[in-house]
Number of protein chains: 2
Amino acid sequence: MATMEEIAEKAGVSQATVSRVINGHSGVSERKRKLVMEWVRKLDYQPNRTAQSLKNKKSYLIGIIIPEISNPYFSEIIEKVEIEAKNQGYNVIIANSNGNKQTEKNVISSMQSRQIDGLLIAPIDKDSSHIKNLIKKNVFVVMLTQHLNGFSSVSVSHFNGGFKVAEHFNDLGHQSIAFIGNENDPKFKGFKKGLSKNGLKFDNNNLIEVKSWGGQMSSHEVYNSLNNFIKSKSRIDITGIFAYNDLAAFGAMNALVDNGLKIPNDIAVVGFDNTFIAQELRPTLTSVAQPTGEIGRLSVEILLKKIEGKLVEDKEVILESRLIVRESTRKLE
Amino acid sequence: MATMEEIAEKAGVSQATVSRVINGHSGVSERKRKLVMEWVRKLDYQPNRTAQSLKNKKSYLIGIIIPEISNPYFSEIIEKVEIEAKNQGYNVIIANSNGNKQTEKNVISSMQSRQIDGLLIAPIDKDSSHIKNLIKKNVFVVMLTQHLNGFSSVSVSHFNGGFKVAEHFNDLGHQSIAFIGNENDPKFKGFKKGLSKNGLKFDNNNLIEVKSWGGQMSSHEVYNSLNNFIKSKSRIDITGIFAYNDLAAFGAMNALVDNGLKIPNDIAVVGFDNTFIAQELRPTLTSVAQPTGEIGRLSVEILLKKIEGKLVEDKEVILESRLIVRESTRKLE
DNA sequence: TTGAAAGCGCTAACAC
DNA sequence: GTGTTAGCGCTTTCAA
């Protein structure tokens, strides 16, 4: 790759003049400017960003660290992050933490070594010491999906999402609804809150726990759990099911159908995340949408503002989820 | 961030000595080595990779450019690429080309400016001039999903995949099978070849074309196309359907069910890509699996070998797909 | 075993 | 307007 020095030599000017032309500084004669540009074209000159970074102490590079790139939820966010960053003249370095804290710690180090200007991270455990240390180190960070004091963050309230599901069920006249998922999931808490607001109480017998966390492979597990749940009952007394994500809802729907139950007539089903699966299922699935595009776009926007000194204080953005009503829920007759 | 200069000052040695210690070079007294290491720890020294890159003309950075990060097929590859690269001490810069040639050209430039050591690219159009130019520029490239002379590549033979589907249908006694997808798709060509090997000829009336290419949103389109196809027939004379990907198969299955056709009893269905959807559908979907993990791992392996001079010639790797047989296909009675 | 110094490609302050 | 120069943080050669 050509350097400014080479251009300078060819054009018979100093390297500083080449720099001035490249960077569009004023105070260069039209003649020399033309001459330099000509050689820039001829030699297909590309500025060396590494040298620029070193000199300017600014890399125009941001890092993003998430547990699992292949998770559709994250890959959608990454996609938007990259697009937004590119628009603002930044490149993005990506890394999987693989749900492993040591790996997470290592990639953080690695990115710092690369002189990234800022970091987007969906931490495995926001209380890890290597996460908290970032505050002291004065690294610009926007946290995804979680919040911790001392950081900016962009997240979606799962609690509110769960709350909305409860309201929806209530609007439709449902009173006895099962939850499939983890007891500590905020969306479950929001769901219970929503029920109680309407004078209902969640029956703990209707909590169908699944062990593994969110991964794509849990649909079968959900199938089995719900299957057992149904078989254990002499009589089905629930009229609705709220599943912790779309895939779980998918598994649940299969279990229901296999047990001769019609959706939504016998049992209504609601999912979470509103992945593309939701609109492809039969019946189509009512689900809570998380605005992944917004998460990606906003997190970059905030990060760049911090980097560029346009934002000093930390910002905690909590985006609203939206309930997308489809065929899998209907008014109770 | 601390620099070698600072460490040197604290430890009372020269900066060159610090460098020697950091890089584990011999010829430093044990006393100074200890002293330096102590300050390295105290100041939490991290080498500045930007400065190293500039000096060494080696960035330990590779780029990956694909059309759409959020496409599960690509995000799986990216995940494996990042993991493999990380294991070998490389970081990865990612970019969406968004199916836009100009964007692709820009991000290639941008990555070259960053002094990446090598590039992984799933090109929009391998015949674009900016792609071909990479050969002249002596950039190390491994092409994904396609091959072009002058480059190394890792891909999966869709032709063979289609061929296998034909064989499978043949084994099950099917003779009249529809294809949903694009006429020029290699998997369709392989499919026809497989049929003809068994003395069958594909009936062009059974080609159900869909315009848009592969995106996640095409399932409805497929639904409509197949629906029209079925409605236009007085009598269904096909016994099987081969869809260009799992999502298309999904749409097809919905259309079949809505038209009162049973899968696989009335019509068998085969998909492509073996995404997680395949095993979640009811009935579970027979599909052609592409080894995304292998693609990611191998492409990095080849790229790094080229970068490190361990491989001189270009390498074209064509991985085999595998037919995963599930419930959506059965022997014709 | 150690330090001084050159230089990677660039920006910018300073001189003329 | 233009060139010279210092210096970003590092590696490596050369001398001592």
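Letters go in sequence order (proteins before strands), and every chain restarts at 1.
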Closest to side chain of A/Ala16, choosing from D/dG3, C/dG3, C/dT11:
D/dG3
A/Ser59 versus A/Asp117, side-chain donor and acceptor atoms under 3.5 Å
yes
Rounded to whole angstroms, how far apart are CD on A/Gln15 and P on D/dT4?
11 Å
Roughly how many Å is it from CZ in B/Arg49 to P in D/dG9, rounded to a whole number?
17 Å
Is there a side-chain polar atom (N or O) of B/Thr17 under 4.0 Å from OP1 or OP2 of C/dG3?
yes
Can you tell me if B/Lys57 touches the phosphate of C/dG7, counting only side-chain N or O atoms and a distance under 4.0 Å to OP1 or OP2?
no
Looking only at the side chain of B/Asn23 (C-beta and beyond, no hydrogens), which of the listed nucleotides D/dT2, D/dT12, D/dT11 gets closest?
D/dT11
Could you tell me how far apart B/Gln52 (CD) and D/dG9 (P) are, to the nearest whole angstrom?
13 Å
Should the pair A/Lys86 and A/Tyr90 be classed as cation-pi, given the thresholds of under 6.0 Å to the six-membered ring centre and 45° from the axis?
no
Within this structure, what is the NZ-to-P distance between B/Lys34 and C/dT1, rounded to whole angstrom?
15 Å
Write down the distance between NE2 (A/His25) and C1' (C/dT11), rounded to a whole number of angstrom.
8 Å
Quick note, A/Tyr45 side chain, CB onward, closest among C/dG3, D/dG9, C/dC10 is C/dC10
Give the rounded distance in Å between these two atoms: CD of B/Gln115 and P of D/dG9.
19 Å
Just one of B/Glu76, B/His158, B/Glu320 clears the side chain to side chain donor-acceptor pair (under 3.5 Å) bar with B/Gln290, so which one?
B/His158
Does the pair B/Glu104 and B/Asn100 meet the rule for a side chain to side chain donor-acceptor pair (under 3.5 Å), with working shown?
CA-CA 6 Å; B/Glu104 184 177 79; B/Asn100 179 313; over 6 Å; no
May I ask you to verify whether the side chain of A/Arg20 and the base of D/dG3 hold a donor-acceptor pair under 3.5 Å?
yes
Pick the nucleotide of DNA chain C nearest each of B/Ser26 and A/Glu5; which residue has the one closer to the 5' end?
B/Ser26
Decide yes or no on side chain to side chain donor-acceptor pair (under 3.5 Å) for A/Asn106 and A/Ser110, but give the supporting numbers first.
CA-CA 6 Å; A/Asn106 292 345; A/Ser110 170; over 6 Å; no
Measuring to OP1 and OP2 of C/dT2, would you say a side-chain N or O of B/Lys32 lies under 4.0 angstrom away?
yes
Starting at CG of A/Leu54 and ending at C1' of C/dA12, how long is that distance when rounded to a whole Å?
14 Å
Heavy atoms from C-beta onward define the side chain here; which of C/dA5, C/dG9, C/dG3 lies closest to that of A/Lys55?
C/dG9
Atom-to-atom span, CD1 of A/Ile7 to P of D/dG3 - whole angstrom
15 Å
Categorize B/Ser19 for me: base, sugar-phosphate, or nothing, with a 4.0 angstrom heavy-atom threshold over every strand shown.
base
Under 4.0 Å from OP1 or OP2 of D/dC8: is there any side-chain N or O of B/Thr3 that close?
no
Are any of A/Ser53's side-chain N or O atoms less than 4.0 Å away from OP1 or OP2 of D/dC8?
no
